[in-house]
Amino acid sequence: MQKHKETGWRSIRRRFGRTAAALGLLTSVACTSAQTPASIAGAGLGPAKPDEVSVATWNMCGVQQWSCERTGSPKEKFQQLRDLIGDSDVRVLLLQEVCSDDLSASALRLGPEWNTVFEPYVSVDSAGARTAVECTDRGKGRAGFALLAASRLADVEVIPTEQPTVGLHRGILCARVPALGLRVCNAHVSLRESDDEHPDWDFRDDQLSSLFAAASTDARTVVGGDFNSPPPGKDKKTAWIWPSEAYTTYRECDQKGGSRTGRPTHTDGTKIDYLFTALTRTGCEVVDTKASDHRPLVIRVSRPEESASPTPEVSTPS
């Protein structure tokens, strides 16, 4: 964590009650070499080959009170999930800003093979009291981030990381998907100035370091989510938050060669949503949608061999 006084990239922080400490969160299970990727914006990746698998990340903006009341109904957001599954053959989704009841209902409608793991956002006050954030309006249940997969999820864990002392705590949620030979980690990174008592503290560097440290334990990991940060190639003032291995040991979905930029994933024209992996990428797509203020990002990778090394090999920058 570093203290900062930045005047660069603007914060897109919404004025909502902030959430709680990742260290204190409990996981709740709801049942319910890199190649240059091919991509045509908004078209979908089509069916995957037998030796490929598609993973998506999407901030659904499903928590209506967080300035999401005009970003589509739960029905429209569910239709977008179905489109991702149908148009890009997505088998695992990393979701942020989703309501627990909406998530359970979506898994039920998708079919019995679909499983979820949900982690709530928590708001921490100055006395240290933690309160789970509830969805209001059309969304129901608690607000949080989740994994949604077309097969069993195993070895679920919340990754400890630095969080604001007072305010909104997001977090990092990882799990294995044994049927696909993958491990996935979903991160919702804090915004700048997210600590009510210390607005000059920035937690993004610690949180991203924790995320990539979690990825380093298994070469078959895909990590991503809403990082609330521009890529290091777009804003030099915030490049310091990025661990060096993010674009060297790993490759980002929309990274081509040595570039560290990527297409916009937010309606304000910025890229703040990411998918990284050490696996071979075979496709990347930014999907247009009217059901959120974020665009889904889809990566397709070669399915790892059962004998794949448990830790990624370090590579040098392109």
Side-chain angles (χ1 to χ4, degrees), residues 1-2 19-29 34 53 55-59 92-96 115-122 144-149 152-164 169-178 180-190 202-229 231-232 240-253 255 272-281 297 299 301 304 308-315:
M1 178 182 67
Q2 293 190 14
T19 49
L23 293 176
L25 295 180
L26 295 175
T27 302
S28 59
V29 178
V53 61
V55 178
T57 183
W58 185 31
N59 183 317
V92 186
L93 295 109
L94 285 52
L95 304 175
Q96 306 88 41
N115 292 268
T116 68
V117 176
F118 175 85
E119 187 68 14
Y121 299 123
V122 183
F145 54 107
L147 300 172
L148 173 64
R152 182 176 64 92
L153 292 159
D155 298 332
V156 177
E157 57 180 330
V158 174
I159 304 301
T161 189
E162 293 286 342
Q163 293 287 340
H169 287 224
R170 297 168 176 86
I172 304 170
L173 180 64
C174 296
R176 285 193 308 110
V177 192
L180 302 176
L182 294 180
R183 179 169 176 259
V184 293
C185 292
N186 180 14
H188 198 176
V189 175
S190 292
D202 196 328
F203 298 87
R204 293 176 295 172
D205 58 327
D206 284 310
Q207 292 173 4
L208 290 174
S209 291
S210 296
L211 174 64
F212 285 98
S216 71
T217 63
D218 194 326
R220 297 158 292 192
T221 302
V222 176
V223 302
D226 177 358
F227 291 1
N228 278 315
S229 309
W240 62 270
I241 70 172
W242 288 93
S244 60
E245 64 268 27
Y247 286 86
T248 54
T249 303
Y250 305 94
R251 292 284 175 170
E252 206 273 322
C253 175
Q255 179 183 356
I272 57 175
D273 303 275
Y274 300 83
L275 287 165
F276 287 86
T277 189
L279 299 169
T280 300
R281 301 167 303 157
L297 182 65
I299 191 171
V301 299
S309 170
T311 55
E313 295 181 2
V314 177
S315 61

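If you read the sequence from its start, that first residue is 1, and numbering goes on from there.
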Begin with the C-alpha distance, continue with both residues' side-chain angles, and end with the deciding distance and a verdict on side-chain contact (heavy atoms from CB on, under 4.5 Å) for H188 and N228.
-> CA-CA 8 Å; H188 198 176; N228 278 315; 3.8 Å; yes

Step-by-step side-chain contact (heavy atoms from CB on, under 4.5 Å) determination, F227 to L208 = CA-CA 8 Å; F227 291 1; L208 290 174; 3.7 Å; yes

Would N186 and V117 satisfy side-chain contact (heavy atoms from CB on, under 4.5 Å), going step by step from the backbone distance to the final call?
-> CA-CA 11 Å; N186 180 14; V117 176; over 6 Å; no

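Remark: D273 pairs with T265, H294 by the side-chain hydrogen bond (donor to acceptor under 3.5 Å, both in side chains) rule, at least two apart or across chains. Residues passing the side chain to side chain contact (heavy atoms under 4.5 Å, CB included) test with A213, sequence neighbours excluded: none. For Q207, the side-chain hydrogen bond (donor to acceptor under 3.5 Å, both in side chains) test picks out S190, with sequence neighbours left out. For T221, the side-chain hydrogen bond (donor to acceptor under 3.5 Å, both in side chains) partners are R183, not counting sequence neighbours. Here S209 pairs with nothing under the side-chain hydrogen bond (donor to acceptor under 3.5 Å, both in side chains) rule; sequence neighbours left out.
Considering all non-hydrogen atoms of both residues, L297 and L275 come closest at O-CD1, 3.4 Å. Across every non-hydrogen atom of R170 and V189, the tightest pair is CD-O, 3.5 Å. Here the closest non-hydrogen pair linking A187 and L211 is CB-CD2, 3.9 Å. Of all heavy-atom pairs between S210 and I159, the closest is O-CG2, 4.1 Å. The minimum heavy-atom distance linking L94 with C185 is given by the pair CD2-O, 3.3 Å. The two atoms that bring C174 and A214 nearest to each other are SG-CB, 4.4 Å, heavy atoms only.
Within the 4.5 Å cutoff, the side chain of E252 has heavy atoms near those of the Y247 side chain. Using a 4.5 Å cut-off on side-chain heavy atoms (C-beta onward), Y121 and Q96 make contact. No side-chain heavy atom of W58 sits under 4.5 Å from any side-chain heavy atom of L93.
Taking CG from L279 and CG from L182, the interatomic distance works out to 6.5 Å, rounded to the nearest 0.5 Å. Once rounded to the nearest 0.5 Å, the distance linking OG1 of T249 with CZ of F212 reads 9.5 Å.
Partner of V222 under the side-chain contact (heavy atoms from CB on, under 4.5 Å) criterion, chosen from V53, V55, V177, L180: V55.
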